Amino acid sequence: MTYTTKVSEQLFAESKHYLAGGVASTLRASMKPAPLFVESGKGAYVTDVDGNQYIDYLLAYGPLILGHAHPALEEALSKASKLGFTYGLQHRGEIELAKLLTEILPCAERVALSGSGTEAVMLALRLSRAYTGKTKVVRFHGHFHGWSDTIFTSFPSTDMKQSAVSAAASDSAVPGTNGQSSSSLGDIIMLPWNDAAALEALLDKEHHTIAAVITEPIMCNNGCIQPKDGYLQKMRELTAKYGIVMIMDEVITGFRLGTSGAHGKFGLSPDLVTIGKAMGGGMAISGVAGKYDIMKLIEDGTVSHLGTLNGNYAATAAALATLHELGKDNGSSYHRMEQFMKQLADGIRTLFGKHQIQGLINHVGPVFHMMFTDQSSVEDFTAFGKRDAAKYTKFAEIMLEEGVLVRPSGLWYISTVHSEADIEATLQAVDRALARL
Ligand SMILES: Cc1ncc(COP(=O)(O)O)c(C=O)c1O
(Lines give C-alpha, C1' and ligand atoms only; values in the text may rest on other atoms or scores of the structure.)
Protein backbone atom coordinates (compact mmCIF):
# COMPACT_ATOMS: atom_id res chain seq x y z
CA MET A 1 0.00 0.00 0.00
CA THR A 2 1.34 3.45 -0.85
CA TYR A 3 2.06 5.66 2.09
CA THR A 4 -0.38 8.53 2.46
CA THR A 5 -1.14 11.20 5.03
CA LYS A 6 -4.27 12.37 3.23
CA VAL A 7 -6.58 12.17 6.23
CA SER A 8 -4.07 14.00 8.43
CA GLU A 9 -3.84 16.71 5.77
CA GLN A 10 -7.63 17.02 5.63
CA LEU A 11 -7.89 17.23 9.41
CA PHE A 12 -5.11 19.81 9.52
CA ALA A 13 -7.03 21.96 7.03
CA GLU A 14 -10.24 21.53 9.06
CA SER A 15 -8.44 22.22 12.33
CA LYS A 16 -7.14 25.54 11.03
CA HIS A 17 -10.72 26.81 10.88
CA TYR A 18 -11.05 26.47 14.63
CA LEU A 19 -7.69 25.90 16.29
CA ALA A 20 -5.22 28.77 15.82
CA GLY A 21 -2.57 27.45 13.46
CA GLY A 22 -4.23 24.05 13.31
CA VAL A 23 -2.00 22.59 16.05
CA ALA A 24 -1.86 23.05 19.81
CA SER A 25 1.89 23.75 20.02
CA THR A 26 3.76 25.71 17.33
CA LEU A 27 6.52 23.13 16.96
CA ARG A 28 4.09 20.53 15.61
CA ALA A 29 3.07 22.56 12.56
CA SER A 30 6.41 22.04 10.85
CA MET A 31 6.18 18.26 10.55
CA LYS A 32 6.52 17.01 6.96
CA PRO A 33 4.76 15.83 4.86
CA ALA A 34 1.97 16.91 7.25
CA PRO A 35 1.37 17.39 10.96
CA LEU A 36 0.18 13.89 11.83
CA PHE A 37 -3.18 13.31 13.50
CA VAL A 38 -3.20 10.29 15.76
CA GLU A 39 -5.86 7.64 16.15
CA SER A 40 -4.20 5.75 19.00
CA GLY A 41 -0.97 4.88 20.74
CA LYS A 42 -0.06 1.61 22.41
CA GLY A 43 3.31 0.59 23.77
CA ALA A 44 6.11 1.67 21.45
CA TYR A 45 3.72 2.31 18.55
CA VAL A 46 1.50 5.08 17.39
CA THR A 47 -1.13 4.82 14.66
CA ASP A 48 -2.24 7.83 12.66
CA VAL A 49 -5.65 8.58 11.17
CA ASP A 50 -4.52 7.26 7.78
CA GLY A 51 -3.88 3.86 9.37
CA ASN A 52 -0.07 4.13 9.29
CA GLN A 53 1.64 2.55 12.27
CA TYR A 54 4.99 3.88 13.44
CA ILE A 55 7.62 2.79 15.92
CA ASP A 56 7.68 5.90 18.06
CA TYR A 57 10.93 7.67 19.01
CA LEU A 58 9.30 11.10 19.28
CA LEU A 59 7.49 9.89 22.40
CA ALA A 60 5.53 13.13 22.66
CA TYR A 61 8.80 15.12 22.86
CA GLY A 62 9.98 13.15 25.87
CA PRO A 63 7.25 12.36 28.40
CA LEU A 64 6.33 8.86 27.21
CA ILE A 65 9.16 7.04 28.93
CA LEU A 66 6.81 4.08 29.55
CA GLY A 67 5.48 4.23 25.99
CA HIS A 68 1.81 4.76 25.17
CA ALA A 69 -1.03 3.68 27.47
CA HIS A 70 1.17 1.70 29.84
CA PRO A 71 -0.89 -0.67 32.06
CA ALA A 72 0.44 0.96 35.26
CA LEU A 73 -0.75 4.35 34.07
CA GLU A 74 -4.04 2.94 32.81
CA GLU A 75 -4.67 1.54 36.26
CA ALA A 76 -3.70 4.74 38.07
CA LEU A 77 -5.84 6.87 35.79
CA SER A 78 -8.79 4.54 35.86
CA LYS A 79 -8.71 4.74 39.67
CA ALA A 80 -8.55 8.53 39.41
CA SER A 81 -11.55 8.54 37.09
CA LYS A 82 -13.59 7.01 39.92
CA LEU A 83 -12.21 9.16 42.75
CA GLY A 84 -12.15 12.52 41.00
CA PHE A 85 -9.44 14.16 38.91
CA THR A 86 -8.78 17.29 40.89
CA TYR A 87 -10.06 18.82 44.08
CA GLY A 88 -8.45 22.21 44.59
CA LEU A 89 -7.76 20.67 48.00
CA GLN A 90 -4.93 18.57 49.33
CA HIS A 91 -4.74 14.78 49.08
CA ARG A 92 -2.37 12.07 50.24
CA GLY A 93 -0.99 11.49 46.74
CA GLU A 94 0.73 14.90 46.81
CA ILE A 95 2.54 14.01 50.02
CA GLU A 96 3.45 10.59 48.65
CA LEU A 97 4.85 12.06 45.44
CA ALA A 98 6.74 14.91 47.13
CA LYS A 99 8.16 12.45 49.68
CA LEU A 100 9.26 10.08 46.93
CA LEU A 101 10.93 12.93 45.05
CA THR A 102 12.82 14.02 48.15
CA GLU A 103 14.02 10.43 48.50
CA ILE A 104 15.17 9.88 44.93
CA LEU A 105 16.47 13.34 43.92
CA PRO A 106 19.61 14.10 45.93
CA CYS A 107 19.11 17.89 45.87
CA ALA A 108 15.44 17.77 46.92
CA GLU A 109 14.73 18.88 50.47
CA ARG A 110 11.35 20.25 49.43
CA VAL A 111 9.28 20.02 46.26
CA ALA A 112 6.73 22.31 44.59
CA LEU A 113 4.36 20.93 41.94
CA SER A 114 3.23 22.63 38.74
CA GLY A 115 1.85 21.71 35.35
CA SER A 116 4.53 22.21 32.71
CA GLY A 117 8.28 22.59 32.42
CA THR A 118 7.78 26.24 31.52
CA GLU A 119 5.96 26.88 34.80
CA ALA A 120 8.59 25.03 36.80
CA VAL A 121 11.31 27.24 35.30
CA MET A 122 9.23 30.36 36.05
CA LEU A 123 8.98 29.33 39.68
CA ALA A 124 12.67 28.46 39.96
CA LEU A 125 13.61 31.91 38.63
CA ARG A 126 11.20 33.64 40.98
CA LEU A 127 12.55 31.74 43.97
CA SER A 128 16.11 32.60 42.96
CA ARG A 129 15.38 36.30 42.72
CA ALA A 130 13.51 36.38 46.01
CA TYR A 131 16.24 34.39 47.74
CA THR A 132 19.17 36.46 46.53
CA GLY A 133 17.53 39.87 46.25
CA LYS A 134 19.16 40.11 42.80
CA THR A 135 17.54 40.05 39.37
CA LYS A 136 19.83 38.95 36.52
CA VAL A 137 19.83 35.40 35.21
CA VAL A 138 22.62 33.75 33.21
CA ARG A 139 21.52 31.25 30.60
CA PHE A 140 23.32 29.56 27.71
CA HIS A 141 23.09 29.54 23.95
CA GLY A 142 21.43 26.38 22.67
CA HIS A 143 19.58 25.57 25.87
CA PHE A 144 15.80 25.69 26.07
CA HIS A 145 13.89 26.55 29.22
CA GLY A 146 10.31 26.84 28.04
CA TRP A 147 8.38 29.57 26.36
CA SER A 148 7.71 32.17 29.08
CA ASP A 149 8.57 35.73 28.11
CA THR A 150 11.35 36.20 30.62
CA ILE A 151 13.49 33.31 29.34
CA PHE A 152 12.37 32.35 25.80
CA THR A 153 15.08 33.38 23.37
CA SER A 154 15.53 32.74 19.71
CA PHE A 155 17.31 29.56 18.80
CA PRO A 156 17.70 27.83 15.49
CA SER A 157 15.63 24.68 15.43
CA THR A 158 14.38 22.97 12.33
CA ASP A 159 11.10 22.23 13.99
CA MET A 160 10.49 25.81 15.14
CA LYS A 161 8.56 27.56 12.42
CA GLN A 162 9.84 30.97 13.52
CA SER A 163 13.34 29.84 14.32
CA ALA A 164 14.56 33.14 12.90
CA VAL A 165 17.78 34.53 14.20
CA SER A 166 20.77 32.70 15.56
CA ALA A 167 22.10 34.71 18.44
CA ALA A 168 24.94 32.30 19.05
CA ALA A 169 27.66 34.88 18.94
CA SER A 170 25.93 37.57 20.91
CA ASP A 171 25.67 38.04 24.64
CA SER A 172 22.31 39.76 24.33
CA ALA A 173 19.14 37.70 24.31
CA VAL A 174 17.02 37.88 21.17
CA PRO A 175 13.27 37.38 21.76
CA GLY A 176 12.09 33.98 20.54
CA THR A 177 8.88 35.28 19.02
CA ASN A 178 7.01 38.37 17.96
CA GLY A 179 4.86 39.66 20.76
CA GLN A 180 7.58 39.21 23.34
CA SER A 181 8.77 42.63 24.44
CA SER A 182 12.51 43.09 24.24
CA SER A 183 12.45 44.34 27.84
CA SER A 184 11.11 40.98 28.97
CA LEU A 185 14.60 39.61 28.45
CA GLY A 186 16.29 42.57 30.10
CA ASP A 187 17.44 40.43 33.02
CA ILE A 188 18.92 37.68 30.86
CA ILE A 189 22.64 37.39 30.18
CA MET A 190 23.59 34.90 27.44
CA LEU A 191 26.81 32.95 27.55
CA PRO A 192 28.33 30.15 25.47
CA TRP A 193 27.94 26.83 27.30
CA ASN A 194 30.84 24.62 28.36
CA ASP A 195 33.13 27.64 28.62
CA ALA A 196 34.23 27.83 32.23
CA ALA A 197 36.50 30.82 31.61
CA ALA A 198 33.62 32.88 30.15
CA LEU A 199 31.43 32.00 33.11
CA GLU A 200 34.13 32.83 35.61
CA ALA A 201 34.94 36.14 33.97
CA LEU A 202 31.29 37.17 33.98
CA LEU A 203 30.55 36.07 37.53
CA ASP A 204 33.72 37.69 38.88
CA LYS A 205 32.58 40.98 37.41
CA GLU A 206 28.79 40.91 37.69
CA HIS A 207 27.99 38.57 40.58
CA HIS A 208 26.39 41.32 42.67
CA THR A 209 23.57 41.56 40.08
CA ILE A 210 23.13 37.85 39.30
CA ALA A 211 20.40 35.83 41.01
CA ALA A 212 20.74 32.56 39.13
CA VAL A 213 22.64 30.54 36.57
CA ILE A 214 20.32 28.13 34.78
CA THR A 215 21.65 25.22 32.75
CA GLU A 216 20.56 21.98 31.16
CA PRO A 217 22.96 19.35 32.55
CA ILE A 218 23.36 18.00 29.02
CA MET A 219 22.56 20.25 26.07
CA CYS A 220 19.76 17.91 25.05
CA ASN A 221 17.72 20.31 22.98
CA ASN A 222 20.51 21.12 20.56
CA GLY A 223 22.86 18.27 19.84
CA CYS A 224 22.78 16.17 23.02
CA ILE A 225 26.12 17.69 23.95
CA GLN A 226 27.76 16.60 27.19
CA PRO A 227 29.28 18.95 29.74
CA LYS A 228 33.07 19.07 29.63
CA ASP A 229 34.86 17.38 32.50
CA GLY A 230 34.64 19.62 35.54
CA TYR A 231 32.48 22.30 33.87
CA LEU A 232 29.33 21.84 35.94
CA GLN A 233 31.46 21.38 39.06
CA LYS A 234 33.12 24.71 38.30
CA MET A 235 29.69 26.28 37.82
CA ARG A 236 28.70 24.93 41.23
CA GLU A 237 31.87 26.26 42.81
CA LEU A 238 31.50 29.74 41.34
CA THR A 239 27.78 30.08 42.04
CA ALA A 240 28.32 28.96 45.65
CA LYS A 241 31.20 31.42 46.05
CA TYR A 242 29.10 34.33 44.85
CA GLY A 243 25.75 33.50 46.48
CA ILE A 244 24.10 32.76 43.13
CA VAL A 245 21.41 30.09 42.82
CA MET A 246 22.42 27.23 40.51
CA ILE A 247 19.36 25.88 38.71
CA MET A 248 19.63 22.65 36.76
CA ASP A 249 16.84 22.42 34.25
CA GLU A 250 16.16 18.69 34.32
CA VAL A 251 12.85 18.84 32.47
CA ILE A 252 14.37 16.42 29.95
CA THR A 253 17.14 14.71 31.90
CA GLY A 254 15.26 14.16 35.18
CA PHE A 255 13.91 10.57 35.05
CA ARG A 256 15.26 10.08 31.54
CA LEU A 257 18.87 9.45 32.54
CA GLY A 258 17.94 7.74 35.79
CA THR A 259 15.61 8.22 38.74
CA SER A 260 18.07 10.50 40.52
CA GLY A 261 18.22 12.90 37.58
CA ALA A 262 21.42 14.02 35.88
CA HIS A 263 22.52 15.80 39.06
CA GLY A 264 22.34 12.49 40.93
CA LYS A 265 24.16 10.70 38.14
CA PHE A 266 26.90 13.34 37.92
CA GLY A 267 27.15 13.73 41.71
CA LEU A 268 26.28 17.44 41.61
CA SER A 269 24.32 19.47 44.13
CA PRO A 270 22.51 22.30 42.39
CA ASP A 271 20.33 24.52 44.60
CA LEU A 272 17.21 23.93 42.53
CA VAL A 273 16.20 21.50 39.81
CA THR A 274 13.20 21.71 37.51
CA ILE A 275 11.52 18.47 36.50
CA GLY A 276 8.69 17.59 34.11
CA LYS A 277 8.20 15.54 30.93
CA ALA A 278 9.00 11.89 31.83
CA MET A 279 7.90 12.47 35.43
CA GLY A 280 4.22 12.21 34.49
CA GLY A 281 4.57 9.56 31.79
CA GLY A 282 2.43 11.75 29.50
CA MET A 283 0.21 13.52 32.03
CA ALA A 284 0.81 17.23 32.61
CA ILE A 285 2.88 17.57 35.76
CA SER A 286 6.15 19.27 36.62
CA GLY A 287 7.92 20.60 39.63
CA VAL A 288 10.78 22.39 41.32
CA ALA A 289 12.87 20.56 43.87
CA GLY A 290 15.66 21.93 45.96
CA LYS A 291 17.18 23.25 49.11
CA TYR A 292 14.90 24.02 52.04
CA ASP A 293 16.48 27.43 52.57
CA ILE A 294 15.18 28.53 49.17
CA MET A 295 11.99 26.47 49.01
CA LYS A 296 10.90 27.79 52.40
CA LEU A 297 10.19 31.14 50.75
CA ILE A 298 7.00 29.46 49.51
CA GLU A 299 6.21 28.24 53.02
CA ASP A 300 6.66 31.65 54.66
CA GLY A 301 4.69 33.45 51.96
CA THR A 302 7.62 35.42 50.52
CA VAL A 303 7.08 33.80 47.12
CA SER A 304 3.67 33.08 45.61
CA HIS A 305 3.30 29.78 43.85
CA LEU A 306 -0.06 29.39 42.15
CA GLY A 307 -1.88 27.09 39.74
CA THR A 308 -5.44 25.76 39.75
CA LEU A 309 -4.44 22.28 38.68
CA ASN A 310 -1.15 22.00 40.60
CA GLY A 311 -0.85 18.61 42.28
CA ASN A 312 -4.15 17.39 40.85
CA TYR A 313 -5.06 13.85 41.78
CA ALA A 314 -4.90 12.37 38.28
CA ALA A 315 -1.50 13.80 37.31
CA THR A 316 -0.06 13.00 40.72
CA ALA A 317 -1.27 9.41 40.43
CA ALA A 318 0.28 9.17 36.95
CA ALA A 319 3.61 10.50 38.25
CA LEU A 320 3.61 8.05 41.15
CA ALA A 321 2.83 5.15 38.83
CA THR A 322 5.55 6.24 36.38
CA LEU A 323 8.22 6.70 39.03
CA HIS A 324 7.38 3.38 40.66
CA GLU A 325 7.64 1.61 37.30
CA LEU A 326 10.98 3.27 36.58
CA GLY A 327 12.32 2.41 40.02
CA LYS A 328 11.50 -1.31 39.76
CA ASP A 329 14.42 -3.79 40.01
CA ASN A 330 16.78 -0.99 40.94
CA GLY A 331 16.01 0.93 37.79
CA SER A 332 16.89 -1.96 35.48
CA SER A 333 14.73 -0.50 32.71
CA TYR A 334 17.34 2.28 32.31
CA HIS A 335 19.97 -0.32 31.61
CA ARG A 336 17.74 -1.86 28.95
CA MET A 337 16.95 1.52 27.37
CA GLU A 338 20.64 2.44 27.32
CA GLN A 339 21.56 -0.86 25.68
CA PHE A 340 18.92 -0.47 22.99
CA MET A 341 19.93 3.14 22.33
CA LYS A 342 23.55 2.06 22.02
CA GLN A 343 22.55 -0.70 19.62
CA LEU A 344 20.59 1.83 17.56
CA ALA A 345 23.35 4.45 17.62
CA ASP A 346 26.06 1.93 16.68
CA GLY A 347 23.83 0.45 13.98
CA ILE A 348 23.13 3.86 12.45
CA ARG A 349 26.84 4.75 12.53
CA THR A 350 27.55 1.55 10.59
CA LEU A 351 24.83 2.47 8.10
CA PHE A 352 26.37 5.93 7.63
CA GLY A 353 29.50 4.06 6.50
CA LYS A 354 27.61 1.65 4.27
CA HIS A 355 25.82 4.49 2.46
CA GLN A 356 28.86 6.78 2.53
CA ILE A 357 26.85 9.46 4.26
CA GLN A 358 28.57 11.89 6.58
CA GLY A 359 26.75 11.95 9.84
CA LEU A 360 27.17 11.50 13.53
CA ILE A 361 25.30 10.67 16.68
CA ASN A 362 25.82 12.23 20.10
CA HIS A 363 24.54 9.61 22.47
CA VAL A 364 23.86 9.83 26.21
CA GLY A 365 22.11 6.83 27.80
CA PRO A 366 18.48 6.64 26.68
CA VAL A 367 18.63 9.67 24.35
CA PHE A 368 20.64 10.69 21.31
CA HIS A 369 20.87 13.34 18.64
CA MET A 370 21.43 12.20 15.07
CA MET A 371 22.73 14.71 12.54
CA PHE A 372 24.20 14.98 9.07
CA THR A 373 27.50 16.80 9.12
CA ASP A 374 31.03 16.46 7.76
CA GLN A 375 32.50 17.44 11.13
CA SER A 376 34.12 14.61 13.06
CA SER A 377 32.56 15.77 16.31
CA VAL A 378 29.91 18.24 17.47
CA GLU A 379 30.76 19.48 20.92
CA ASP A 380 29.36 22.97 21.00
CA PHE A 381 26.44 24.99 19.77
CA THR A 382 28.40 26.60 16.94
CA ALA A 383 29.40 23.19 15.56
CA PHE A 384 25.82 22.00 15.97
CA GLY A 385 24.68 25.00 13.90
CA LYS A 386 26.80 23.71 10.98
CA ARG A 387 24.92 20.41 10.58
CA ASP A 388 22.73 19.89 7.51
CA ALA A 389 19.40 20.40 9.25
CA ALA A 390 17.36 20.38 6.04
CA LYS A 391 18.77 16.97 5.10
CA TYR A 392 17.78 15.55 8.47
CA THR A 393 14.24 16.93 8.14
CA LYS A 394 14.02 15.14 4.80
CA PHE A 395 15.34 11.96 6.44
CA ALA A 396 12.68 12.23 9.18
CA GLU A 397 10.04 12.55 6.49
CA ILE A 398 11.29 9.45 4.68
CA MET A 399 11.42 7.57 7.98
CA LEU A 400 7.68 8.11 8.39
CA GLU A 401 7.13 6.31 5.11
CA GLU A 402 9.37 3.55 6.44
CA GLY A 403 7.24 3.22 9.57
CA VAL A 404 9.33 5.11 12.12
CA LEU A 405 8.38 8.34 13.87
CA VAL A 406 11.33 10.58 14.74
CA ARG A 407 11.50 14.23 15.69
CA PRO A 408 12.47 16.42 12.71
CA SER A 409 15.19 18.06 14.80
CA GLY A 410 17.20 14.84 15.26
CA LEU A 411 16.59 14.10 18.95
CA TRP A 412 15.56 10.48 19.60
CA TYR A 413 14.04 9.14 22.80
CA ILE A 414 13.38 5.51 23.70
CA SER A 415 10.85 4.01 26.10
CA THR A 416 10.93 1.08 28.50
CA VAL A 417 8.66 -0.89 26.15
CA HIS A 418 10.69 -0.73 22.95
CA SER A 419 11.87 -4.25 22.13
CA GLU A 420 14.83 -5.87 20.43
CA ALA A 421 12.57 -6.48 17.41
CA ASP A 422 11.72 -2.75 17.29
CA ILE A 423 15.41 -1.86 17.25
CA GLU A 424 16.07 -4.30 14.42
CA ALA A 425 13.06 -3.06 12.42
CA THR A 426 14.20 0.53 13.00
CA LEU A 427 17.71 -0.17 11.72
CA GLN A 428 16.25 -1.77 8.60
CA ALA A 429 14.10 1.32 8.13
CA VAL A 430 17.13 3.60 8.57
CA ASP A 431 19.00 1.48 5.99
CA ARG A 432 16.20 1.97 3.46
CA ALA A 433 15.80 5.65 4.31
CA LEU A 434 19.52 6.42 3.93
CA ALA A 435 19.49 4.63 0.58
CA ARG A 436 16.58 6.80 -0.55
CA LEU A 437 18.19 9.94 0.83
C1 LIG B 1 15.08 21.62 29.25
C2 LIG B 1 13.66 22.08 29.11
N3 LIG B 1 13.15 22.95 30.00
C4 LIG B 1 11.88 23.37 29.94
C5 LIG B 1 11.05 22.95 28.94
C6 LIG B 1 9.63 23.43 28.88
O7 LIG B 1 8.77 22.39 29.22
P8 LIG B 1 7.23 22.41 28.76
O9 LIG B 1 7.22 22.22 27.28
O10 LIG B 1 6.61 21.27 29.52
O11 LIG B 1 6.67 23.71 29.17
C12 LIG B 1 11.52 22.05 27.98
C13 LIG B 1 10.66 21.58 26.89
O14 LIG B 1 11.07 20.97 25.94
C15 LIG B 1 12.86 21.61 28.06
O16 LIG B 1 13.39 20.77 27.16
Side-chain angles (χ1 to χ4, degrees), residues 23-30 57-65 112-126 128 137-161 163 176-177 180 188 193 212-227 232 246-257 261-263 266 270 272-290 307 309-310 312 315 318-319 322 364-369 381 384 407-413:
V23 293
S25 174
T26 303
L27 219 55
R28 298 178 201 160
S30 61
Y57 296 94
L58 177 78
L59 294 175
Y61 294 82
L64 300 178
I65 194 152
L113 297 175
S114 43
S116 67
T118 297
E119 289 173 66
V121 169
M122 283 162 55
L123 177 62
L125 297 181
R126 183 179 290 181
S128 305
V137 169
V138 177
R139 55 153 296 170
F140 300 95
H141 291 295
H143 292 204
F144 179 65
H145 303 295
W147 61 282
S148 77
D149 278 5
T150 60
I151 192 101
F152 182 45
T153 57
S154 176
F155 67 94
S157 173
T158 42
D159 50 15
M160 282 297 282
K161 222 176 160 194
S163 67
T177 171
Q180 196 182 351
I188 295 290
W193 193 61
V213 174
I214 184 167
T215 184
E216 286 185 64
I218 293 164
M219 191 157 92
C220 273
N221 278 295
N222 284 299
C224 217
I225 293 167
Q226 304 231 39
L232 293 175
M246 177 169 169
I247 306 170
M248 271 201 174
D249 185 348
E250 296 231 41
V251 168
I252 291 182
T253 52
F255 315 115
R256 173 137 291 279
L257 292 196
H263 73 284
F266 297 163
L272 298 176
V273 297
T274 51
I275 45 179
K277 292 206 192 246
M279 172 183 176
M283 289 293 284
I285 187 163
S286 67
V288 177
L309 294 175
N310 288 356
N312 70 78
T322 305
V364 189
V367 55
F368 68 57
H369 208 121
F381 189 44
F384 179 69
R407 185 174 163 178
S409 75
L411 192 63
W412 291 48
Y413 294 111

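Whatever order the structure lists ligands and atoms in, that order sets their numbers, starting from 1. Quick note: numbers below take in every heavy atom, side chains included, and nothing from hydrogens, waters or symmetry partners. The structure displayed is predicted, hence computed values, not measured ones.
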Quick one: does [X]'s side chain get under 4.5 Å of [Y]'s, heavy atoms only?
X      : Y      : result
Leu125 : Val137 : yes
Ile151 : His143 : no
Met246 : Val213 : no
Ile225 : Ile218 : no
Trp193 : Pro227 : yes
Pro366 : Leu257 : yes
Leu58  : Tyr413 : no

Proximity to ligand 1 by part of Lys277, non-hydrogen separation under 4.0 Å:
side chain
Using a 4.0 Å heavy-atom cut-off, which part of His145 comes near ligand 1: side chain, backbone, both, or neither?
backbone
Just which atoms of ligand 1 are under 4.0 Å from any heavy atom in Ile252?
16 (O)
Can you list the atoms of ligand 1 that are under 4.0 Å from a heavy atom of Glu216?
1 (C)
Looking only at side-chain N and O atoms, does Ser148 offer a donor or acceptor that is under 3.5 Å from a partner on Thr118?
no
Looking at ligand 1, does Glu250 have a heavy atom less than 4.0 Å from it?
no
Among protein heavy atoms, which sits nearest to [atom], and what does the distance come to when rounded to 0.1 Å?
atom                    : answer
atom 9 (O) of ligand 1  : Thr118 OG1, 4.4 Å
atom 16 (O) of ligand 1 : Asn221 ND2, 2.9 Å
atom 3 (N) of ligand 1  : Asp249 OD2, 2.7 Å
atom 8 (P) of ligand 1  : Gly117 N, 3.5 Å
atom 2 (C) of ligand 1  : Phe144 O, 3.2 Å

Closest candidate by heavy atom, reference atom 6 (C) of ligand 1, pool Ser286, Gly146, Ser148, Ser116
Gly146
